[in-house]
Number of protein chains: 2
Amino acid sequence: MNCRRCREAPAVIDIPHHQLSLCAPCFLKHCRDQVQRTIDAHKMLEPGERCLVAVSGGKDSLAVWDILLDLGYPADGVYLGLGIGEYSDASAERARGFAAKRGVRLIEVDLATELGFTIPEARGAGRSSCSACGLSKRHLLNRVALENGYRVLVTGHNLDDEVAVLFGNVMRWDLPYLARQYPTLPEREGFARRVKPLVRLSERETAAYCVIRGIDYIIDECPMAVGNKHLMYKELINALEEKQPGAKYHFFLGFLDRVHPRLEDVGEEDRAGLRPCVRCGSPTIAEVCAFCRLADRSRNKKARRRKRQRVAEEEAPGVPAGPGPSHPEPAGGSRAPHR
Amino acid sequence: MNCRRCREAPAVIDIPHHQLSLCAPCFLKHCRDQVQRTIDAHKMLEPGERCLVAVSGGKDSLAVWDILLDLGYPADGVYLGLGIGEYSDASAERARGFAAKRGVRLIEVDLATELGFTIPEARGAGRSSCSACGLSKRHLLNRVALENGYRVLVTGHNLDDEVAVLFGNVMRWDLPYLARQYPTLPEREGFARRVKPLVRLSERETAAYCVIRGIDYIIDECPMAVGNKHLMYKELINALEEKQPGAKYHFFLGFLDRVHPRLEDVGEEDRAGLRPCVRCGSPTIAEVCAFCRLADRSRNKKARRRKRQRVAEEEAPGVPAGPGPSHPEPAGGSRAPHR
């Protein structure tokens, strides 16, 4: 079948929710158009506005960085070293490789150096590892953006990510979370603007984009995410999408169009309760923000583990102390954290 | 394990969303309590108010009829003969058997006699058979209730039914449908009050109720429903429920509590556009209501088929005219409509 746009080259990908089959050049143009349309519709960036892209080394963050550069936005990248063993090593390589190839700046920040703990070390400190990771990334990315003078932080969340989060929030009818789920979160005291220009592109599309553009990205899922709720929701929604092509797209876009505006009061109430964290100054509804509490617990946990190790070494010199029940292996198991 | 209520008899069923395991007598009491609670919470019935139960012969409608009688509501039944072959025959027998056993009145209405067409004959007339069936049942049940002086029509929709409908409406964010999805639809000019007292009980619970009570119900799904969207949604949500017990219950109850009140304006707008159908007087947003249009199309379709048959018989006497493409077999295929 030939491309539905140019009618000349053979189609290489079909996009059921747009009823489109496209050749490679038309598909790349489609991706850029969708991103520009999203940026304009949700007032994400002024023309040519400088921004910082949160880069994981995966398909989505590298695709959004590539597209923003091609659309003429001076976009730099920030890579957080989460300390998840080989996975983090391989991710960092992809981020560095892309930055070098395009000749753009990549800021690198190491979680252990900045915060005193890695994501595997935060695990078991009152949150799931994915939740601890998300919270730490949001906090640290925002801090890096502000400290380096960026007013906008870009993330590579795609349609599938947003749909899975929306699905989870809808299943619980968590109205404050639903009110917060929007492709642009405006700049506020203590917060850079946060924008998600890929929300109209599915992960099939961002993967195809990287393949066609020859972008080397890390294909593996994070080993600590195996079996998490987000992936379970994705599977369920993919089963629906298979029966009703376009279901995801309409679920998400319908929410933004018709439901999100009805939750404005919830969002306002939510924001009205915020005050600066007494420790780090980030807006929070508590005295100490969720991130600072996580950081405390994680560092305490690490200190206790070190103490146990010292005691064990004193009691039986030369025998390494095994990980106790308070120090579970990351899901996926085989990769030990090395930082 | 012993019953969590009486702590004496062995438990026969567990109800994950209530974190309960119950013996048979405590389970029956639990079902009655849940129904009474639903009736009170949604102002379904005055104490001892007379009502008409729509009875299909399946577990849900017989369970709700049985529970209402035990709770002291003078409840009669109405059975609609839909003309779906053996399935309808078997359903009617169960409805009659229950009425005879409990010594209560069952009104029987035959679709073909009342409307001039059966559900298999309505198929292909611009709607899926399930949609045509739902529309016809709502119209005819309401008419029978009003003509027989009942102000309240009771249906046996259970938690799983409501969750599947809610899920479909949410996936499309169909706000008018969402605004209408409530366990009580109040009495209005031309409409009896419609109430769903089983919305807090899952289909596992209504089936267990019938088994324990020795109620003989038709177990088969309607052969025309095979592969419909409603069943597909049920499967998806059951997959979720398996991973997160209680997900269904909280999805539905959370909607009623926190989201439905936010859709009041949509419901009002929806009702403000209604006027009487010029043919049957039922409230509608069009000149002729959806039911009257379906009835026209179904009767026309039937007349055309009869004409084709006559022509074929005149051309080749003795050879029966086969069903053409405009007369598809019901889904499930093996059961031919016999009315």
Side-chain angles (χ1 to χ4, degrees), chain A residues 16-17 128 159-160 162-179 181-182 226-270, chain B residues 17 128 159-160 162-179 181-182 226-270 331:
Chain A
H17 55 273
S128 75
L159 177 65
D160 295 75
E162 292 301 294
V163 164
V165 171
L166 178 60
F167 187 81
N169 289 338
V170 162
M171 286 296 126
R172 290 188 316 277
W173 293 112
D174 187 322
L175 299 194
Y177 275 38
L178 286 169
Q181 192 171 0
Y182 206 70
V226 176
N228 78 0
K229 271 192 206 169
H230 191 72
L231 293 180
M232 189 256 286
Y233 293 149
K234 280 192 175 179
E235 266 174 43
L236 278 179
I237 302 159
N238 284 339
L240 175 65
E241 178 78 18
E242 211 166 287
K243 309 246 184 189
Q244 296 185 345
K248 279 191 245 188
Y249 188 78
H250 296 293
F251 175 52
F252 183 62
L253 274 285
F255 169 75
L256 294 187
D257 277 359
R258 297 194 292 281
V259 183
H260 192 270
R262 294 185 161 264
L263 300 173
E264 223 164 78
D265 59 316
V266 180
E268 275 164 24
E269 209 175 284
D270 201 36
Chain B
H17 55 273
S128 74
L159 177 65
D160 296 74
E162 292 301 295
V163 164
V165 171
L166 178 60
F167 186 81
N169 290 338
V170 162
M171 286 297 126
R172 290 188 315 278
W173 293 112
D174 188 322
L175 298 194
Y177 275 38
L178 285 170
Q181 191 170 2
Y182 207 71
V226 176
N228 77 1
K229 271 191 208 171
H230 190 72
L231 293 180
M232 188 256 287
Y233 293 148
K234 279 192 175 178
E235 267 173 43
L236 278 180
I237 302 159
N238 283 338
L240 176 64
E241 178 78 19
E242 212 166 284
K243 309 246 184 186
Q244 297 186 345
K248 281 191 245 190
Y249 187 78
H250 296 293
F251 176 52
F252 183 62
L253 273 285
F255 170 75
L256 295 187
D257 276 359
R258 297 193 293 281
V259 183
H260 193 270
R262 293 184 162 265
L263 300 173
E264 224 163 74
D265 58 317
V266 180
E268 273 164 25
E269 210 175 284
D270 200 36

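So you know, we letter chains A, B, ... as the sequences are listed, proteins then strands, and number each from 1.
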Report summary line: Counting heavy-atom pairs under 4.5 angstrom with chain B, the leader among A:Leu253, A:Leu175, A:Ile237 is A:Leu175
Requested in this report: Under 4.5 Å, counting heavy-atom pairs only, tell me which of B:Asp174, B:Val170, B:Leu166 racks up the most with chain A.
Outcome: B:Val170
Query - Test log, rule side chain to side chain contact (heavy atoms under 4.5 Å, CB included), inputs B:Gln244 and A:Met171 - result: CA-CA 11 Å; B:Gln244 297 186 345; A:Met171 286 296 126; 5.6 Å; no
Requested in this report: Write out all pairs satisfying salt bridge (charged side-chain N to carboxylate O under 4.0 Å, His left out) with one or both partners inside residues 238-259 of chain A, taking only residues at least two apart or from two chains.
Outcome: A:Asp160-A:Lys248
Query raised in the report: Got more than 12 heavy atoms from elsewhere within 6.0 Å of OH, A:Tyr249?
Result: yes
Query - chain B contact via A:Arg262 - which portion, at a heavy-atom distance below 4.5 Å - result: both
Report summary line: Turns out that what part of B:Val259 lies under 4.5 Å from chain A's heavy atoms comes down to side chain
Query raised in the report: Parallel, tilted or perpendicular: which fits the ring planes of A:Phe255 and B:Trp173, with parallel below 30° and perpendicular above 60°?
Result: tilted
